[in-house]
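Note that the structure is predicted; figures quoted are calculated from it, not measured.
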Amino acid sequence: MRQRHKPWADDFLRDNQQLVVPNPGQHKSNWQAAFKNDHPVHIEIGTGKGQFITGMAKQKPDINFIGIELAKSIIVSAAQEVKNAGVENVLLLNEDASDLREFFSANEADVIYLNFSDPWPKNRHEKRRLTYHAFLEQYKEILTNAGEIVLKTDNRGLFEYSLVSLSKFGMTLEEVTIDLHDLNDPLNVMTEYEVKFSAKGQPIYRCKARFV
Ligand code: SAM
């Protein structure tokens, strides 16, 4: 995702700490308190400009959504999207999601969304793919027993790799499709990348996976 230098980003983040949470490790084991309710927690890794998490938050007001986005210049756009929508069930983390166990304890989340994650196509970069087995081990720890991973991508290579990796890890695959938009699912909330790639006629791949 293209990053533009935003000299106002630091000031914005300082003024919006109730939405873009500083030091998120302090909420580990206690995210529901941060949301002031006991609703289930869903996490999106690589939230981008926030279109998906905002749409999901509107669709599912009884879920607490946490979006993690590494790039400061991008997360400020996500925060503006969330604020403009007036949803209160979203928190954002401007963090590297390479070890979610820094921020979440065991069984703390019900769903992890991986939307259009960087594909890292070179073999030597396999360990960076968010469905590499070391990431799956983390997800298994922080998800509840019935928890699930939901993956969407336009990248066939990453999709095929992920199906194999998830299966090898012993996960059960569900709702696997090689053309999500052909299903016309009225509940599908599109991401920025999904809008962009589907407009070009590219199919969108999606699967859900559980550890049981
Ligand atoms: N999910 C959005 C969408 O579908 O439109 C954005 C997809 S973009 C290809 C991937 C996003 O993941 C980028 O915004 C990038 O900054 C973020 N990202 C990449 N690695 C990350 C990491 N380790 N932790 C958090 N965010 C990361």
Side-chain angles (χ1 to χ4, degrees), residues 1-105 108-118 130 135 138-139 142 149-154 187-199:
M1 180 163 280
R2 186 195 284 187
Q3 297 186 42
R4 289 199 174 85
H5 178 58
K6 294 178 181 164
W8 47 270
D10 284 324
D11 288 345
F12 179 92
L13 293 176
R14 193 195 54 236
D15 294 343
N16 288 279
Q17 296 187 5
Q18 77 293 349
L19 175 56
V20 188
V21 180
N23 307 315
Q26 68 184 320
H27 297 290
K28 183 174 170 174
S29 309
N30 210 13
W31 280 103
Q32 287 166 327
F35 284 97
K36 303 188 180 68
N37 62 46
D38 60 358
H39 298 164
V41 169
H42 291 192
I43 299 167
E44 184 190 20
I45 302 179
T47 295
K49 294 181 181 171
Q51 179 172 320
F52 175 82
I53 205 164
T54 304
M56 291 297 285
K58 283 188 205 163
Q59 186 187 103
K60 297 179 187 292
D62 293 339
I63 298 293
N64 295 327
F65 288 93
I66 299 178
I68 309 176
E69 170 55 54
L70 182 62
K72 192 195 301 179
S73 64
I74 295 175
I75 203 163
V76 292
S77 297
Q80 287 174 320
E81 179 91 10
V82 171
K83 284 178 78 165
N84 291 341
V87 289
E88 297 192 344
N89 52 333
V90 176
L91 291 174
L92 299 172
L93 314 185
N94 182 204
E95 301 287 343
D96 186 335
S98 60
D99 192 350
L100 293 182
R101 292 167 297 197
E102 289 177 26
F103 314 124
F104 302 98
S105 57
E108 208 170 6
D110 283 271
V111 182
I112 293 174
Y113 297 98
L114 305 175
N115 288 325
F116 298 80
S117 308
D118 295 330
L130 291 181
F135 284 107
Q138 293 180 31
Y139 306 156
I142 68 165
I149 296 170
V150 183
L151 178 149
K152 290 200 280 188
T153 182
D154 63 300
L187 296 180
N188 181 48
V189 175
M190 293 217 269
T191 77
E192 294 90 43
Y193 269 56
E194 190 170 351
V195 170
K196 191 167 90 178
F197 289 118
S198 58

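- Asn115 places no side-chain N or O within 3.5 Å of a backbone atom of Thr153 that could act as its donor or acceptor partner.
- Atoms CH2 and OG, on Trp8 and Ser73 in that order, are 9.0 Å from each other to the nearest 0.5 Å.
- Atom CG of Leu114 sits about 9.0 Å away from atom CD of Glu44, to the nearest 0.5 Å.
- Taking both residues in full, the closest heavy atoms of Arg101 and Ile142 are given as CG-CG2, 4.1 Å, listed atom of the first, atom of the second, then distance.
- In this structure, the side chains of Asn64 and Leu91 stay at 4.5 Å or more apart for every pair of heavy atoms.
- When all heavy atoms of Gly48 and Ala78 are compared, the closest pair comes out as O-CB, 3.4 Å.
- The two residues Val195 and Ser198 have their closest heavy-atom pair at O-OG, 3.4 Å.
- More than 12 heavy atoms of other residues, nucleotides or ligands lie within 6.0 Å of CD in Gln80, so this atom counts as buried by the packing criterion.
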Can you list, pair by pair, the side-chain donor-acceptor contacts under 3.5 Å of residues 50-60, counting residues two or more places apart and other chains?
residue: Gln51; atom: NE2; partner: Met190; partner atom: O; Å: 3.2
residue: Thr54; atom: OG1; partner: Gly50; partner atom: O; Å: 2.7
residue: Gln59; atom: NE2; partner: Leu187; partner atom: O; Å: 3.0

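- The side chain to side chain contact (heavy atoms under 4.5 Å, CB included) search around Asp10 returns Lys72, not counting sequence neighbours.
- A search for ring pair (Phe, Tyr, Trp, His ring centres under 6.0 Å) contacts involving Phe65 returns His42, not counting sequence neighbours.
- Annotation: the span from Phe35 atom CZ to Asn30 atom CG amounts to 12.0 Å, rounded to 0.5 Å.
- Residues that satisfy the side chain to side chain contact (heavy atoms under 4.5 Å, CB included) test with Pro40, not counting sequence neighbours, are Ile63, Asp110.
- The closest side-chain heavy-atom distance from Pro24 to Phe104 is not below 4.5 Å.
- Between the Glu69 side chain and the Ala71 main chain, a donor and an acceptor come within less than 3.5 Å of each other.
- With a 4.5 Å cut-off on side-chain heavy atoms, Leu151 and Leu130 do not count as touching.
- Here the side chain of Gln17 pairs no donor or acceptor atom with the backbone of Pro22 at under 3.5 angstrom.
- The line from CD1 of Ile66 to NE2 of His27 is 9.0 Å long, rounded to the nearest 0.5 Å.
- Within the model, atoms NE2 of His39 and CG of Asn89 stand 9.0 Å from one another, a figure rounded to the nearest 0.5 Å.
- Within the structure, salt bridge (charged side-chain N to carboxylate O under 4.0 Å, His left out) pairs that include any residue of residues 11-32 comprise Asp11-Arg14 (at least two apart or interchain).
- Counting only heavy atoms from C-beta outward, the side chains of Phe103 and Ile43 never approach each other to under 4.5 Å.
- The backbone N or O of Asn23 sits nowhere less than 3.5 Å from a side-chain atom of Glu95 that would complete a donor-acceptor pair.
- In this structure, the side chains of Tyr139 and Ile45 come closer than 4.5 Å at one or more pairs of heavy atoms.
- Annotation: side chain to side chain contact (heavy atoms under 4.5 Å, CB included) contacts of Ala79 (sequence neighbours excluded): Phe12, Leu19, Val20, Leu92.
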- Could you give me the CA-CA distance, side-chain angles and deciding distance for Thr47 and Ile75, then say whether side chain to side chain contact (heavy atoms under 4.5 Å, CB included) is met? CA-CA 8 Å; Thr47 295; Ile75 203 163; over 6 Å; no
